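Written below as structure tokens is the structure these notes are about.
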There are 4 protein chains.
Amino acid sequence: MSAPATPARPARRHDPGRRDRLVDTALDVIAERGVTAATHRAIARAADVPLGSLTYHFDSLTDLLAAAFSRHVDTVAARFDERMRAAPDRAAALEILVEHLTGDLLGSPRDLVLAVELYVAAARNPALRAVTQDWMSRSRRSLERHLDPVNAREVDALVEGLVLHSALSTDPMDAAQIRSALRRLAG
Amino acid sequence: MSAPATPARPARRHDPGRRDRLVDTALDVIAERGVTAATHRAIARAADVPLGSLTYHFDSLTDLLAAAFSRHVDTVAARFDERMRAAPDRAAALEILVEHLTGDLLGSPRDLVLAVELYVAAARNPALRAVTQDWMSRSRRSLERHLDPVNAREVDALVEGLVLHSALSTDPMDAAQIRSALRRLAG
Amino acid sequence: MSAPATPARPARRHDPGRRDRLVDTALDVIAERGVTAATHRAIARAADVPLGSLTYHFDSLTDLLAAAFSRHVDTVAARFDERMRAAPDRAAALEILVEHLTGDLLGSPRDLVLAVELYVAAARNPALRAVTQDWMSRSRRSLERHLDPVNAREVDALVEGLVLHSALSTDPMDAAQIRSALRRLAG
Amino acid sequence: MSAPATPARPARRHDPGRRDRLVDTALDVIAERGVTAATHRAIARAADVPLGSLTYHFDSLTDLLAAAFSRHVDTVAARFDERMRAAPDRAAALEILVEHLTGDLLGSPRDLVLAVELYVAAARNPALRAVTQDWMSRSRRSLERHLDPVNAREVDALVEGLVLHSALSTDPMDAAQIRSALRRLAG
DNA sequence: AATGAATGAGTATTCATTCAT
DNA sequence: TATGAATGAATACTCATTCAT
């Protein structure tokens, strides 16, 4: 009887950076199948890692999900702030916001889905609410580079509503409509 | 509690209207503990009804949840349309919308929670998406009694964003801010 | 390919009295392998029943263990009280106690083991402490048919110590020694 | 707490006496949370020592527990023998025994709990039975400084029963009752 | 028509021990 | 010498659904 040539997983006892990889994989699973499907098992399978590895690196599933969402928020918020900072004036900022919305958020299903999943999960899980609140405040601070605080908050709410509408509606608004609405609201 | 140890219920074999009662109870459970906690068992216990009764009346849990959300949307959308219809003009309509938002939606945790739960559930469950789309279009049609279609859609998006913000934020916007934003957006 | 003649478990969908059987089986597992080995899985395997059946009939493992120990205590305490009641006088009662100790408790490994397992489990598990306290008080009441209350309690403590000694010692005391000690203590 | 997220400990690579400290800590954990909660992880955390350190110093968890119980028995048995040796006569010895019981054993929850935990663990774990037997024989030898061997064993059994009763009962016996019972049994 | 029992797949989590560094 | 990472088996428990009565 010959030994199997390539066993499924070749005993990868040394795997530095696995913790990081798990966070990324968790995010992938959330994006592809939703937070409620992001179980220990599903993530372990997607990362090709034994089940016990997850609970070794993260005390609870919530911890892992929070780490994953945090990383996502970091990426998205940093990118958004960079763009706002690069905008020379208010008009340019609004135009960049439109691009950001239609391009990154509404354009890529992944970012959109992750945003909605985070909203949803945070609604029931206090540990995740810290992540959404961080996101909100960073987003608002970025807008405040060009808008006054009250206005920044209003625009932020509209952005969120547009995201949600886009996720659930069959015929989302196009760039021109979004631009027009933002300009009116941003005064 | 161990199963056969609960003879409390007196075997109510004839119980017309039970199906209706189950739908209402399902909604209560969703509002109080979230969609993911709305299991057969939880609903059966809350309705004081044997477990088998649920699968007798509903082919699947999704069917029951869809029925529950549908009933909720019917109630809310009808109430909103009634109010819009009663508004004499556009200005009055906007003011009624502010009241609707700060009173019913943002004021009562129950309606807010149910809205977000429905958003979330629908994001992953196609059977529920029909319900959210019905809600959106009815809401838009109500707004179109006073706003042009494009504007109605923008306002609807802002409303949704405000609901979400209110659910997740620590310091939600007050009525004056909401009124001001709506007026600007509704031109 | 011929169908297997006798499949492992032939789909016993109807099995009245299973709850009772589970209690008995749990007691067997405790007696044979100890309380800490009395897991859902172990009991399910011993009873030839699917795992889910245990959690259907008992809300928690503790509930099941409590039911098992309760049944055991009922049996043992009833038998002891019957004997005490049958004793015509104090001297006869003491002699019967000796027989009870050397025969049932110290003689049969099963009863001895179950007693010690219950002591141990109760020391950490409040839900089981009710069972031990019930046992203690029933045992004392039986003794009080022939002994004054203070004396009954002393004798009860000695009996318990003898049980423990017998369980842990390599050379337990014999009937004559036990008789002598009891007579002295019972004055 | 997620594993790599705790850099609190400053990598104490040189730590003579750590083995000893681990034994003491194991005993603390047993006393506070019971033998079944005395896991590698729990002890490592309590001793502020990396997990691998436990398996480095002890071949198995049982080895560590045995070392811990042994040390405890050494302490307790030595203290008891010292007291028995100091007693001028039989009457004094009995009185010291009463004090020992009401003071050390029944008075301090720690010693009582450790005794019961050891009883329990030994009932199932042969490696620990050597420890209990050592304890019993040392205890008996101490008593034999003033009592004949048969009597010493009887008294020892009563003591054990009183310990158990005290651990499990809601209304333990007081010093006077214990003194009276011991005197009668010790003749 | 109605339901209690049954079931099997799934959930998060714990843990003793092994191993590569 | 010492340890952080890794692992696989085990734990209690939940649940949608099926089915015999």
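Every chain is numbered from 1 and lettered A, B, ... according to where its sequence line falls, protein lines coming before strand lines. Treat the numbers as computed from the prediction; the structure is a model and nothing was measured. Note that these values count all heavy atoms, side chains included, but never hydrogens, waters or copies made by symmetry.
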note = Against the side chain of B/Ser53, the closest entry in E/dT3, F/dC13, F/dT11 is E/dT3
In whole angstrom, give the distance that lies between atom [atom1] of [X] and atom [atom2] of [N].
X	N	atom1	atom2	answer
B/Leu22	E/dT3	CG	P	10 Å
A/Leu54	F/dG8	CG	P	13 Å
A/Ile43	E/dT11	CD1	P	11 Å

ask   = Can you find a pair of side-chain heavy atoms, one from D/Val116 and one from C/Tyr119, that are under 4.5 Å apart?
value = no
ask   = Within a strict 4.5 Å, meaning less than it, do heavy atoms of the C/Glu117 and C/Leu27 side chains meet?
value = no
If you compare every side-chain N and O of [X] against the phosphate oxygens of [N] (OP1, OP2), does one of them come in below 4.0 Å?
X	N	result
A/Thr55	E/dT14	no
B/His40	F/dA16	yes
C/Arg18	E/dG4	no

remark   = Nearest heavy-atom approach of A/Val131 to A/Ala66 is CG2-O, 4.2 Å
ask   = Which heavy atom in C/Ala38 sits nearest to a heavy atom in C/Ile43, and how many Å separate them?
value = O-CD1, 4.0 Å
ask   = Residues from residues 56-69 of chain B sitting under 4.0 Å of DNA chain E, heavy atoms only?
value = B/Tyr56
request  = Count the heavy atoms of every other residue, nucleotide or ligand shown that sit under 6.0 Å from CZ of C/Arg33, and state whether that count exceeds 12.
outcome  = no
request  = Please check if any side-chain donor atom of A/Arg18 sits under 3.5 Å from a side-chain acceptor atom of A/Ser53, or the reverse.
outcome  = yes
inquiry  = Quick check: on DNA chain F, is the nucleotide nearest C/Ala38 upstream (toward 5') of the one nearest B/Ala38, or the reverse? Name the residue that is more 5'.
reply    = C/Ala38
inquiry  = Both C/Arg45 and D/Leu51 contact DNA chain F. Which one's nearest nucleotide lies toward the 5' end?
reply    = D/Leu51
inquiry  = The test is salt bridge (Lys or Arg N to Asp or Glu O under 4.0 Å); show your working for C/Asp20 and C/Arg71 and say whether it passes.
reply    = CA-CA 10 Å; C/Asp20 258 21; C/Arg71 178 168 298 180; 3.1 Å; yes
ask   = Looking at B/Arg21 and B/Asp48, does any basic side-chain N land under 4.0 Å from a carboxylate oxygen?
value = no
ask   = Can C/Asp24 and C/Arg19 be counted as an ion pair, charged N to O under 4.0 angstrom?
value = no
query = Is there a donor and acceptor pair closer than 3.5 Å between the side chain of B/Arg41 and the base of F/dA16?
reply = yes
Dot-bracket pairing map - DNA chain E, Watson-Crick plus G-U, both contacts under 3.5 Å, | cross-strand = .||||||||||||||||||||
